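This report refers to the structure that appears directly beneath it.
Heavy atoms only: backbone and side chains are in, while hydrogens, waters and symmetry mates are out. These numbers come from a predicted model, not from an experiment.
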Amino acid sequence: MPTRFFNTYSRQLEEFRPIDPAGKRVKLYTCGPTVYNFAHIGNFRAYVFEDLLQRHLEARGFEVERVMNLTDVDDKTIRGCRQLGVRLADFTQKFKDAFFEDLGTLRVKRAQHFPAATDYVAQMIEMIRVLVEKDIAYQAEDKSLYFRLSKFPEYGKLAHLNLDELRPSGRITSDEYEKENVGDFALWKAWDEDDGDVKWDSPWGPGRPGWHIECSAMATALLGPEIDIHCGGVDNIFPHHEAEIAQSESVTGKKFVNCWLHCAHLMVEGQKMSKSAGNFYTLRDLLEKGWTGREIRYALITVNYRLPLNFTFDGLAAARSALGRIDEWVARVADRAGSAILPDDMPTDFATGIEAFFTDLDEDLNISGAMGRLFDLIRDTNRALDSGEINAGIAAAILEGWKRINSVLALEREAHTPSPEVLAHTEQRQVARANKLWAESDRLRDAIAAHGWIVKDTKEGPKLTPKQ
RNA sequence: GGCGGAGUAGCCAAGUGGGAAGGCCGAGGUCUGCAAAACCUCUACGAGUGGGUUCGACUCCCACCUCCGCCUCCA
């Protein structure tokens with residue numbers, strides 16, 4: 001069964017085929033953060049979705065070359081560094097570092113390239129130069145350079161907007177009067193006083209690149225003129241991705257992107273996330289409230305990317321419970337597998353269940369379906385474990401299946417090893433229990449708990465589980 | 001006004017022209033010194049509303065209602 005994705009461009013499910021003639025390498029470009037603040041969970045929804053995409057493609061045998069850019073120069077970063085009176089690079093570095101730390105917390109696999117816009121200004125200038133040469137870019141009275149939309153009739157096709165029908169909104173303000181056409185977007189912004197010392201030299205005078213050209217330049221510089229998949233949030237479709245297409249294709253003459261994937265917005269407790277509504281959360285805010293990275297990952301990843309995601313604390317609690325169930329199951333299967341290294345053949349029901357996890361993801365990353373398969377597998381194997389139908393070899397095979405599934409989900413609990421002290425307490429407690437010294441047993445249980453472990457008495461003896 | 005997305009149990013949510021997945025919560029049970037945990041079982045005669053097509057509609061068509069997004073630098 002082929003992998004299919006919903007291409008924003010065609011608004012249809014399309015079979016995925018890489019440009020690579022060998023059908024192996026996949027070029028993936030994902031719009032990254034603007035590093036002017038800590039990223040919020042809405043941002044991370046997109047990055048977690050892209051991570052699921054990358055991991056699933058890899059599980060399907062593709063070699064993914066991914067680029068995620070860092071926008072480290074734009075209006076907001078400039079405003080931020082000016083307010084603090086620090087250099088732009090110093091201002092953004094703090095948020096770059098935080099961003100990578102957050103990606104780690106959410107177990108997002110690292111892209112091969114994290115280009116920073118400020119390292120690619122030369123490439124941006126070169127692209128603009130070509131556009132000027134082709135008479136597609138022009139310099140306006142304000143010294144800035146703009147993209148001449150009349151030269152790119154395709155503009156609007158991704159968003160399915162008819163430019164002639166665009167309703168003038170309040171967001172088109174009067175300061176755009178220098179442009180030939182209100183829709184023409186900036187390629188190069190001429191320096192002005194508000195920019196402080198943030199400026200680069202160019203053939204058209206000092207200034208800085210426009211936002212859209214940043215992505216075009218970094219994408220084509222690192223991945224070449226043709227990209228398999230380009231991702232972002234739905235709000236990037238217009239105008240950002242539309243502009244990327246216009247710029248890149250005007251320069252290279254090639255189809256910029258084969259497949260566009262956009263994830264829907266995230267809401268918090270049914271409301272649009274906003275600072276004024278008091279429901280604006282960075283990842284750090286949630287960690288402070290005691291939630292873990294993988295719980296947040298679970299909550300973000302388990303709703304299909306094309307659906308608006310309502311992020312709630314109930315949802316986080318549900319994620320915690322569901323993860324606990326998975327953890328118990330993994331521990332139980334691993335326990336039964338023991339030291340068995342060579343897996344036996346699984347009963348076919350289990351094997352098909354594991355495969356179904358992946359085939360569900362093949363259909364536009366149907367994560368809900370796939371999670372259903374996983375929980376079916378969990379229930380079925382738990383039942384079989386209860387009735388003693390699973391030997392060590394079969395357990396080892398199931399465990400292998402889980403490892404494959406987890407290579408996509410990245411939701412397995414971190415390995416914890418109990419300290420010698422905890423182990424000693426556990427042993428002493430067994431002695432106390434054998435002698436029916438219940439008070440002593442309970443005291444030791446509390447002592448173990450104080451070290452962060454929960455001891456459970458099972459038929460096979462005491463089991464230690466880390467708290468959380 | 002234009003374009004697009006979505007309404008399925010208390011919450012999240014999947015698939016499907018013919019038996020309504022799965023998760024969380026809840027109830028019952030098994031286990032247990034107790035507890036906790038875990039595991040098992042159960043939980044929508046009904047799919048925003050009203051029509052239509054059909055032997056049969058949650059699924060297809062039409063209308064309406066509600067919510068959400070984009071409409072020129074928000075993931």
Side-chain angles (χ1 to χ4, degrees), chain A residues 8 11 30-34 39-50 71 74-76 149 155-156 159-169 171-173 176 179 181-186 189 210-212 214 231-240 242-243 262-267 270 272-273 298-299 302-304 306-312 314-329 331-332 360 363 366-376 378-379 382-383 385-387 433 436-438 441-442 445 449 454-459 463 465:
Chain A
T8 306
R11 304 278 157 100
T30 56
C31 282
T34 301
H40 58 71
I41 51 173
N43 302 124
F44 283 114
R45 194 231 174 148
Y47 309 140
V48 165
F49 138 64
E50 291 151 2
T71 299
D74 78 324
D75 292 347
K76 285 176 294 207
L149 276 190
Y155 191 80
H160 294 225
L161 287 176
N162 183 342
L163 292 184
D164 301 333
E165 292 173 1
L166 280 191
R167 177 204 208 183
S169 81
R171 291 173 71 175
I172 302 178
T173 49
E176 314 276 21
K179 297 191 287 189
N181 182 305
V182 282
D184 292 355
F185 55 86
K189 294 189 158 194
W211 180 43
H212 309 308
E214 295 185 2
C231 299
V234 283
D235 46 351
N236 273 159
I237 296 173
F238 192 91
H240 184 53
E242 207 70 72
H262 292 99
C263 76
H265 266 101
L266 172 142
M267 319 242 290
K272 188 171 179 176
M273 184 165 64
Y298 186 101
T302 51
V303 173
N304 180 266
R306 286 207 286 136
L307 257 39
L309 168 62
N310 188 14
F311 190 87
T312 63
D314 279 354
L316 279 175
R320 178 170 286 176
S321 298
L323 283 168
R325 177 122 182 263
I326 294 172
D327 294 345
E328 281 297 332
W329 170 73
R332 200 175 169 198
D360 276 357
E363 194 69 353
N366 178 2
I367 187 68
S368 301
M371 292 306 285
R373 306 295 192 165
L374 172 61
F375 282 105
D376 283 343
I378 289 176
R379 192 194 53 245
N382 272 330
R383 238 188 317 226
L385 283 162
D386 281 347
S387 59
R433 293 183 72 232
K436 299 194 189 295
L437 300 171
W438 307 130
S441 163
D442 290 348
R445 179 161 60 201
I454 294 165
V455 62
K456 298 175 199 169
D457 302 316
T458 72
K459 270 184 240 168
K463 290 261 168 68
T465 333

When all nucleic acid strands are considered with a 4.0 Å heavy-atom cut-off, which category describes [X]: base, sugar-phosphate, or nothing?
X        : result
A:Asp442 : base
A:Ile367 : nothing
A:Ser441 : base
A:Phe185 : nothing
A:His262 : nothing
A:Asp74  : nothing
A:Arg379 : sugar-phosphate
A:Asn43  : base
A:Gly42  : base
A:His265 : base
A:Arg325 : sugar-phosphate

Separation of atom [atom1] in [X] from atom [atom2] in [N], rounded to whole Å:
X        : N      : atom1 : atom2 : answer
A:Arg332 : B:rA37 : CZ    : C1'   : 12 Å
A:Asn382 : B:rC39 : CG    : C1'   : 6 Å
A:Leu385 : B:rA38 : CG    : P     : 16 Å
A:Arg11  : B:rG5  : CZ    : P     : 7 Å
A:Asp386 : B:rG29 : CG    : P     : 18 Å
A:Met267 : B:rC11 : CE    : C1'   : 15 Å
A:Ile326 : B:rG22 : CD1   : C1'   : 11 Å
A:Leu437 : B:rG33 : CG    : C1'   : 11 Å

When the C1' atoms of B:rG5 and B:rG10 are considered, how many whole Å apart are they?
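B:rG5 and B:rG10 have their C1' atoms separated by 26 Å.
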Provide the distance between the two C1' atoms, one in B:rG15 and one in B:rU49, to the nearest whole Å.
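It works out to 24 Å between them.
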On the side chain of A:Arg445, is there an atom forming a donor-acceptor pair with the base of B:rA35 - under 3.5 Å, no angle test?
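A donor-acceptor contact between them is present.
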For the pair A:Phe49 and A:Ile367, evaluate side chain to side chain contact (heavy atoms under 4.5 Å, CB included) and give the outcome as yes or no after the intermediate values.
CA-CA 10 Å; A:Phe49 138 64; A:Ile367 187 68; over 6 Å; no
Quick one: does A:Leu316's side chain get under 4.5 Å of A:Tyr298's, heavy atoms only?
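Result no, sub-4.5 Å side-chain heavy-atom pair not found.
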Base-pairing mate for [N] - Watson-Crick or G-U, with both contacts under 3.5 Å:
N      : answer
B:rC39 : B:rG29
B:rG4  : B:rC68
B:rC60 : B:rG52

Residue pair A:Asn366 / A:Asp360: nearest heavy atoms and the distance that separates them:
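Closest approach of A:Asn366 to A:Asp360, heavy atoms only: CB-O, 3.2 Å.
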Ring-on-base stacking between A:Trp438 and B:rG33, under 5.5 Å between centres and under 30° between planes: is it there?
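Here the ring of A:Trp438 and the base of B:rG33 are stacked, with centres under 5.5 Å and planes under 30°.
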Could you work out which one of [options] sits closest to the side chain of [X]?
X        : options                : value
A:Glu328 : B:rG33, B:rA37, B:rA14 : B:rA37
A:Phe238 : B:rA14, B:rC71, B:rC24 : B:rC71
A:Ala322 : B:rG23, B:rA14, B:rU41 : B:rG23

Between A:Phe185 and A:Tyr155, what is the ring plane arrangement, given parallel below 30°, perpendicular above 60°, and tilted in between?
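Ring orientation, 0 to 90° scale: parallel.
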Regarding A:Arg383 and A:Asp386, does a basic nitrogen lie under 4.0 Å from an acidic carboxylate oxygen?
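The answer is no: the pair does not qualify as a salt bridge.
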Salt bridge check: are A:Arg445 and A:Asp442 linked by an N-O gap of less than 4.0 Å?
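Judged by the 4.0 Å cut-off on N to carboxylate O distance, A:Arg445 and A:Asp442 do form a salt bridge.
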Quick one: is A:Asn304 getting a side-chain N or O under 4.0 Å of the B:rA13 phosphate, OP1 or OP2?
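It does not, given that no N or O in the side chain of A:Asn304 lies less than 4.0 Å from OP1 or OP2 of B:rA13.
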Output yes when at least one side-chain N/O atom of A:Ser321 is less than 4.0 Å from OP1 or OP2 of B:rC25, else no.
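Affirmative; the distance criterion is met.
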Verdict with supporting geometry, A:Arg325 and A:Arg379, side chain to side chain contact (heavy atoms under 4.5 Å, CB included)
CA-CA 10 Å; A:Arg325 177 122 182 263; A:Arg379 192 194 53 245; 4.2 Å; yes
